[in-house]
Every structure is written in C-alpha cells, then in structure tokens.
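Throughout, protein chains are lettered first and strands after them, A, B, ... in sequence-line order, and every chain is numbered starting at 1. This one's a predicted model, so the numbers in the text were calculated from it and none came from an experiment.
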Amino acid sequence: MSKTFYITTAIDYTNAAPHIGHAYEKILADVLVRYHRLKGDSSYLLTGVDQHGQKVQQAAAKEGISPEEFVTKTTAKFIELWEKLEISYDGWAATTDPLHKTCVQKILQDLYDRGDIYKAKYRGFYSVRQEQFLTDKERGEDGNFGPEWGEVVELEEENWYFRLGNYRDWLLQFLDSHPGCVQPAFRQTELRNAAERLSGDLSISRPKSRLAWGIELPFDTSCVTYVWFDALVNYISFAGYLSDDAKFRQLWPALHVIGKDIIIPAHGIYWLAMLKAMGFADEDMPRFLVHGYVLVDGEKMSKSLGNIRDPHTFADTFGVESLRYFLMRDCVVGQDMDFTDQRLVQRYNVDLANSLGNLLNRTLNMAKRYRQGKLVRSEAAGISAFAAQTVKDYTAALDQNLVHQALEITWGLATRCNAFVEESAPWKLAKDPEKAQELDTVLYTLAESLRILAILIAPVLPRASRGILDQLAAPGDITLADTAWGGLPDGHVLGEPQVLFPRIEAAAE
RNA sequence: GCCAGAGUAGCUCAGGGGUAGAGCAGGGGACUCAUAAGCCCUUGGUCGGGGGUUCAAAUCCCUCCUCUGGCACCA
C-alpha cells in the first residue's frame with residue numbers, strides 16, 4: 001500500500017469558542033484531504049483540540065467548574081462546528097486522551113534518559129495576579145510593569161529544559177537542503193532567518209503549584225509539561241507513534257496546515273528540533289502549509305475590536321457551502337484575506353448562482369423542453385477538449401495546494417459552457433428538424449460538462465456536487481477518473497431541474 | 001532596528017526590458033433556454049515618489065515613502 005496522504009491542522013486551544021479563522025484552516029485542510037480521496041489516494045485528516053494549560057485552568061476556575069468539565073464543554077463547540085462545516089476528519093486529537101498522555105510521557109522519559117532534558121533555575125519577575133512570569137515584552141513605555149499585572153515580585157523557580165540549542169546547526173542544514181519544506185517559500189526564508197538567531201534552550205515544564213492542568217513529567221511528578229511537548233506531540237501520538245507502529249509507518253510524515261503565527265518558532269523550530277531529538281531522520285520531517293489570517297472588514301479579528309465573526313452565524317445566514325466556497329476562492333493560499341459580507345454575497349451570486357447554478361438550470365430545462373430530458377451520447381469536440389484541459393490544470397493546481405487557483409480553473413469551464421450555449425443557440429436548433437442531431441450534441445455536451453464540474457467542485461462543495469449529480473440523475477459515487485468524457489450513457493434521462501443556489505438578493509450591509 | 005514581502009483600473013489581483021492585462025463593480029447592445037441569469041461590446045491606470053542604466057523601464061539598479069509579516073508563546 002502506498003503512503004497515506006496524512007494532513008493535520010493546528011489543534012485549537014479550548015479556552016474560547018472557535019471563530020472564522022479557525023474555520024478557514026479546517027476547511028482548507030478538509031478540501032485538500034477530500035481532493036486526495038477523490039484522486040483515490042489513501043488519505044487521513046487529523047484535527048483536534050489542545051485542552052491543557054493555564055488559560056484553561058483559569059477559565060475553568062472563573063466559572064467555578066473543574067478543568068475537565070470546562071474542556072468537555074468547550075470541545076463540544078469545536079466538534080459541533082466541524083460537523084456543521086462538513087470537516088471530514090479521520091482522527092480526533094484531544095490532548096487529554098490517555099493515548100496521547102502515554103505517548104508524551106514515553107517521549108519525555110526517553111529524552112531525559114538521553115540527557116536532552118535537564119533542570120535549571122530561572123529567576124525573573126512574576127505577576128501574582130496573572131500567575132505568570134513576565135518578560136521585557138510586558139513592560140510598558142516607561143519600562144515598568146503596568147497595573148494590569150498587579151503585584152510583581154522577583155521569583156526563582158526550578159524548571160526542566162530541552163536542549164534546543166543543540167539542534168540549531170542541524171536545523172539550518174536541514175532547511176537549506178530542503179527547499180519546499182515550508183509553503184509559501186517566503187515563510188521558509190523567514191524561518192531560516194529566525195533559526196540562525198536561535199540561542200538558548202526551551203523551558204518545558206511548570207511546577208504543579210502553578211499549573212496543575214497538564215501531563216505529569218514521568219521523572220519529576222512535581223511538574224507538568226508545558227505546551228510544547230504536549231500540544232505539538234499530537235501530530236504523532238494520534239498517528240500511532242509508540243503505540244501502533246504499522247499505522248504510524250503508514251501515515252507519517254505529515255503535511256501540517258498551520259497559521260502564520262505558529263510557524264516561528266513553535267512548529268518550524270521547536271517541533272522540528274523535537275523530532276530530530278526523538279531520532280527522526282531528515283526524510284521523515286513534516287512539511288508545512290502556512291496560511292494567513294482572515295481579516296474582517298480589513299482588520300484583524302480581536303476581542304477588543306469586537307469584530308470576531310461567528311462561523312455559525314455565517315453558515316446559518318448564507319449556507320455552509322457559500323462560506324466554504326468564499327473562503328477557498330477568495331483567499332490566495334498563504335496570504336491574508338479580507339472577509340466582508342458584501343464580497344461573500346457577490347462571489348456567491350456571480351460564481352455559484354449565476355454561472356454554475358444557472359448553467360445547470362438552463363441545461364436541464366432545455367433538455368426537458370426539447371427532449372423530455374433524454375440524451376444522445378455525443379461530443380462537441382471543442383468543449384470536451386476544454387474539459388479535459390480543465391481537469392489537467394485543476395489537478396496541477398491542487399497538487400500544489402493552490403485551492404483558489406483550482407477553483408478559478410474550474411469556473412473557466414462553466415464560463416466556457418455558458419458561452420457555448422449562446423454560440424449554439426439550442427432554442428433555434430429546436431425549431432429546425434434538420435438540426436436535431438446538432439441539438440442532441442449540444443445538450444449532451446452541456447450535461448456531461450456539468451457532470452465533470454460536479455466532480456471538480458466536490459472537495460470544496462460536497463453538497464452542491466451531490467446536488468448537481470442528483471439533478472443529472474448521475475451516480476453519486478465519483479472519483480477524479482470519472483471526469484473522462486462520456487460518463488453519461490446513451491439514452492440517459494436527466495432529473496428534474498431545481499434551483500441549486502438561489503440568488504441572495506438583499507445586499508448584506 | 002534587522003530580515004522578508006507588497007505598493008498596477010473603484011475592488012481583488014496577474015504580468016515582469018519592446019504599443020498597459022483579467023475577474024468583479026460601472027456603462028451600452030443583441031438575444032430568450034435559464035435563478036432579470038447568460039452572451040457580446042465598452043468606460044476606466046502618468047504600473048507608490050524621485051534619480052539612473054538602455055534605442056526602449058511597470059519590468060533592471062540606487063534612493064525615499066507607505067503598508068504587511070517575521071525577528072518577540074494567541075487559528
């Protein structure tokens with residue numbers, strides 16, 4: 001069996017509800033994994049939640065409930081959203097899972113035994129109110145810590161450290177010899193620059209007196225591990241590392257879909273160094289697909305601006321598919337995108353309703369009116385060749401994860417078909433008995449093109465894909481190979497036309 | 001500050017030494033199968049400013065300005 005296309009997303013921190021940015025990342029990963037399934041590749045999508053840590057502990061305390069209870073409640077919100085958005089994940093990584101905990105502890109113990117983890121004292125300024133150490137970043141303009149930190153004391157604490165600095169040279173060599181490890185390329189350049197300046201080791205523990213909600217260090221039960229050796233490890237623990245060798249060999253290495261805010265240093269430096277320390281070979285290092293932010297009306301989403309968009313609202317107002325389409329079509333992979341209601345509605349009306357939806361509708365109506373929906377197998381060479389080229393270009397784009405480009409290419413076929421309707425004017429052919437064969441060819445060509453379009457949109461618009469195939473009365477179980485011309489048999493009878501994407505008339509302001 | 005990227009039509013962006021491009025928005029037209037959709041035509045830009053190289057610069061070089069990102073644990 002060939003290697004599985006193993007794709008993961010960042011696991012989301014469960015101290016608050018998911019927003020449109022979380023949704024974007026999961027949809028992107030979902031589209032890519034659906035594409036690989038369509039191609040017939042063995043595929044596996046892992047997503048999940050990061051449930052440990054201080055902010056969860058604090059948020060739970062604030063509500064007067066246990067961290068377990070709090071996390072269960074918040075996690076449910078993520079699961080509910082992913083189901084609504086049709087994120088077709090195969091594995092669910094929740095960091096409180098015993099499987100994960102066992103894996104983390106085995107890794108820590110092993111690194112400890114090999115001397116990659118050591119204990120050292122840290123002395124610094126500590127905010128009693130916020131229960132955290134402060135760095136120079138937290139200092140105000142005047143160089144002092146602001147009142148929001150409450151009482152600040154100087155404190156000494158013993159913690160465990162990972163010998164990150166030992167892996168700096170290897171990391172530089174690895175990045176230099178593996179262009180394409182990070183997409184887009186400029187992110188790899190940034191990572192390389194950051195790695196060059198890397199100095200010092202990485203604190204990986206917190207005393208339980210400060211943070212109890214985490215995974216206990218196997219060699220020091222007075223501490224829990226802090227974020228890195230917990231959250232990052234999910235990518236391998238849930239892939240069977242140290243628990244199911246066959247599964248792990250099949251899946252690993254992964255393509256990590258992550259946001260631009262966590263490539264440096266978390267994934268690009270810490271995670272790669274951690275894997276190296278665990279003994280992973282260069283060819284078993286993951287690759288990264290780094291996406292940008294979803295801006296709202298040109299601004300970064302933030303609580304203080306009060307412009308956080310709830311994906312549920314969008315899904316309920318405009319439909320899940322229009323949200324998936326808009327996010328995938330309007331965002332150049334790797335770049336930020338601007339999310340505005342107006343633009344979403346515009347894209348929906350222009351691309352989904354007017355172009356594709358109307359093409360389906362007019363085709364079925366003409367076939368019904370002129371031929372009672374019955375087709376004669378045939379081919380308009382210009383269009384079938386165009387369709388074949390479209391599939392080729394589409395594949396080339398998606399093989400490079402360029403979802404927006406694949407959609408643009410796909411819609412090129414829909415546009416070509418709409419023009420073809422005008423060129424061939426079936427309503428004129430229908431009035432001339434001598435043109436009967438020509439009319440049959442036009443109708444079959446349009447129906448067949450729609451069948452191909454339905455296949456191509458399937459990764460992004462699974463429901464609309466099924467909807468088109470249903471109306472064509474074509475089989476719903478499809479693969480990319482089915483885009484070959486002539487799938488609809490001679491004498492095939494099309495289904496009833498229904499409006500697939502009703503126009504959104506009210507300008508959403 | 002250092003590093004990277006960007007600044008091209010109202011908007012989103014492509015192009016990258018030889019007469020300025022696409023989609024959407026705006027304007028006009030012919031048609032009628034269709035979700036007043038689709039199709040055709042069209043308005044619109046001294047390609048951030050200034051210098052330079054060149055027969056020729058949006059494109060190469062220098063410089064300045066602006067924005068974004070990274071360096072600095074929030075998808």
Side-chain angles (χ1 to χ4, degrees), chain A residues 9-13 15-16 18-26 28 50 53-55 78 132 135-138 184-198 202-203 226-228 231 257-266 268 270 290-295 300-303 329-332 334-338 340 342-343 346-347 349-370 404-405 408 411-412 414-415 417-430 439 442-443 446 497-505:
Chain A
T9 71
I11 53 173
D12 299 308
Y13 199 59
N15 69 330
H19 59 61
I20 202 86
H22 294 101
Y24 169 77
E25 178 179 287
K26 273 60 189 176
L28 175 60
D50 177 9
Q54 188 132 34
K55 284 179 183 167
F78 283 88
Q132 64 172 309
T135 66
D136 289 344
K137 268 195 308 181
E138 271 85 41
F186 73 90
R187 294 282 172 209
Q188 183 153 352
T189 308
E190 286 184 354
L191 174 57
R192 179 53 177 81
N193 292 338
E196 200 148 46
R197 283 188 285 263
L198 173 63
L202 182 64
S203 165
Y226 167 76
V227 61
W228 317 116
V257 178
I258 56 172
K260 65 184 183 182
D261 51 333
I262 53 171
I263 180 67
I264 301 168
Y270 302 163
V290 183
H291 67 254
Y293 283 132
V294 177
L295 306 176
K300 190 169 164 177
M301 267 182 286
S302 73
K303 281 179 194 156
R329 176 62 184 84
D330 226 43
C331 182
V332 177
Q335 312 232 304
D336 290 350
M337 77 171 290
D338 193 23
T340 67
Q342 200 186 354
R343 205 164 160 79
Q346 194 176 73
R347 277 242 101 100
N349 281 339
V350 169
D351 294 349
L352 298 182
N354 297 353
S355 181
L356 181 61
N358 188 50
L359 175 66
L360 173 69
N361 204 236
R362 68 199 301 209
T363 297
L364 290 183
N365 268 295
M366 288 189 287
K368 185 182 179 185
R369 178 180 298 218
Y370 306 136
H404 66 288
Q405 208 177 77
E408 193 181 345
W411 256 260
T415 299
C417 286
N418 272 319
F420 177 62
V421 174
E422 307 299 328
E423 289 161 20
S424 47
W427 48 93
K428 284 183 190 162
L429 300 177
L439 178 59
V442 170
L443 293 176
L446 291 173
Q498 284 171 339
V499 172
L500 185 62
F501 301 110
R503 280 178 63 83
I504 301 173
E505 295 299 348

Out of A/Glu190, A/Glu196, A/Gln188, which residue meets the side chain to side chain donor-acceptor pair (under 3.5 Å) rule with A/Arg192? A/Glu196

Among [options], the one nearest [X] by side-chain distance:
{"X": "A/Arg369", "options": "B/G69, B/C33, B/C71", "value": "B/C33"}
{"X": "A/Glu190", "options": "B/A4, B/C33, B/U68", "value": "B/A4"}
{"X": "A/Arg197", "options": "B/A37, B/U35, B/G70", "value": "B/G70"}
{"X": "A/Phe501", "options": "B/U35, B/C33, B/A25", "value": "B/U35"}
{"X": "A/Val499", "options": "B/G70, B/U35, B/C33", "value": "B/U35"}
{"X": "A/Trp427", "options": "B/G70, B/C33, B/A37", "value": "B/C33"}
{"X": "A/Arg362", "options": "B/C74, B/C11, B/G38", "value": "B/G38"}
{"X": "A/Phe186", "options": "B/A37, B/C74, B/A4", "value": "B/A4"}
{"X": "A/Glu422", "options": "B/G69, B/C71, B/C33", "value": "B/C33"}
{"X": "A/Thr189", "options": "B/C33, B/G69, B/A4", "value": "B/A4"}

Rounded to whole angstroms, how far apart are [atom1] on [X] and [atom2] on [N]?
{"X": "A/Ile258", "N": "B/C74", "atom1": "CD1", "atom2": "C1'", "result": "14 Å"}
{"X": "A/Leu500", "N": "B/G38", "atom1": "CG", "atom2": "C1'", "result": "17 Å"}
{"X": "A/Ile262", "N": "B/C71", "atom1": "CD1", "atom2": "P", "result": "12 Å"}
{"X": "A/Gln342", "N": "B/A25", "atom1": "CD", "atom2": "P", "result": "11 Å"}
{"X": "A/Ile263", "N": "B/A72", "atom1": "CD1", "atom2": "P", "result": "14 Å"}
{"X": "A/Phe420", "N": "B/A34", "atom1": "CZ", "atom2": "P", "result": "18 Å"}
{"X": "A/Asp338", "N": "B/C11", "atom1": "CG", "atom2": "C1'", "result": "10 Å"}
{"X": "A/Asp330", "N": "B/C13", "atom1": "CG", "atom2": "P", "result": "8 Å"}

Write down the partner of [N] under the Watson-Crick or G-U wobble criteria, each distance required to be under 3.5 Å.
{"N": "B/G38", "value": "none"}
{"N": "B/U59", "value": "none"}
{"N": "B/C74", "value": "none"}
{"N": "B/C3", "value": "B/G69"}

For [X], answer base if it contacts any base atom (sugar-phosphate contacts may also be present), sugar-phosphate if it contacts only those atoms, and nothing otherwise; contact means non-hydrogen atoms under 4.0 Å.
{"X": "A/Lys55", "result": "nothing"}
{"X": "A/Pro265", "result": "sugar-phosphate"}
{"X": "A/Ser355", "result": "nothing"}
{"X": "A/Asn418", "result": "sugar-phosphate"}
{"X": "A/Ala353", "result": "base"}
{"X": "A/Arg503", "result": "base"}

Any chance you could measure A/Cys417, atom SG, to A/Glu423, atom CD, to the nearest 0.5 Å? 10.0 Å

Nearest 0.5 Å, what's the CE-CH2 distance between A/Met366 and A/Trp427? 6.5 Å

Do NZ/NE/NH1/NH2 and the carboxylate oxygens of A/Arg343 and A/Asp338 come within less than 4.0 Å? no

Under 4.0 Å from OP1 or OP2 of B/G38: is there any side-chain N or O of A/Asn354 that close? yes

Pairwise [atom1] distance, [M] and [N] [rounded to whole Å]:
{"N": "B/C47", "M": "B/G7", "atom1": "C1'", "value": "10 Å"}
{"N": "B/A20", "M": "B/U46", "atom1": "P", "value": "13 Å"}
{"N": "B/G18", "M": "B/G26", "atom1": "P", "value": "34 Å"}

Once you measure the plane-to-plane angle for A/Trp228 and A/Tyr226, does it fall in the parallel (<30°), tilted (30-60°) or perpendicular (>60°) bin? perpendicular

Under 4.5 Å between any side-chain heavy atoms of [X] and [Y], yes or no?
{"X": "A/Leu352", "Y": "A/Trp411", "value": "yes"}
{"X": "A/Val257", "Y": "A/His291", "value": "yes"}
{"X": "A/Pro426", "Y": "A/Val421", "value": "yes"}

B/A34 base to A/Asn358 side chain: any donor-acceptor pair below 3.5 Å? yes

Side-chain donor or acceptor of A/Tyr226 under 3.5 Å from a matching atom on the base of B/C73? yes

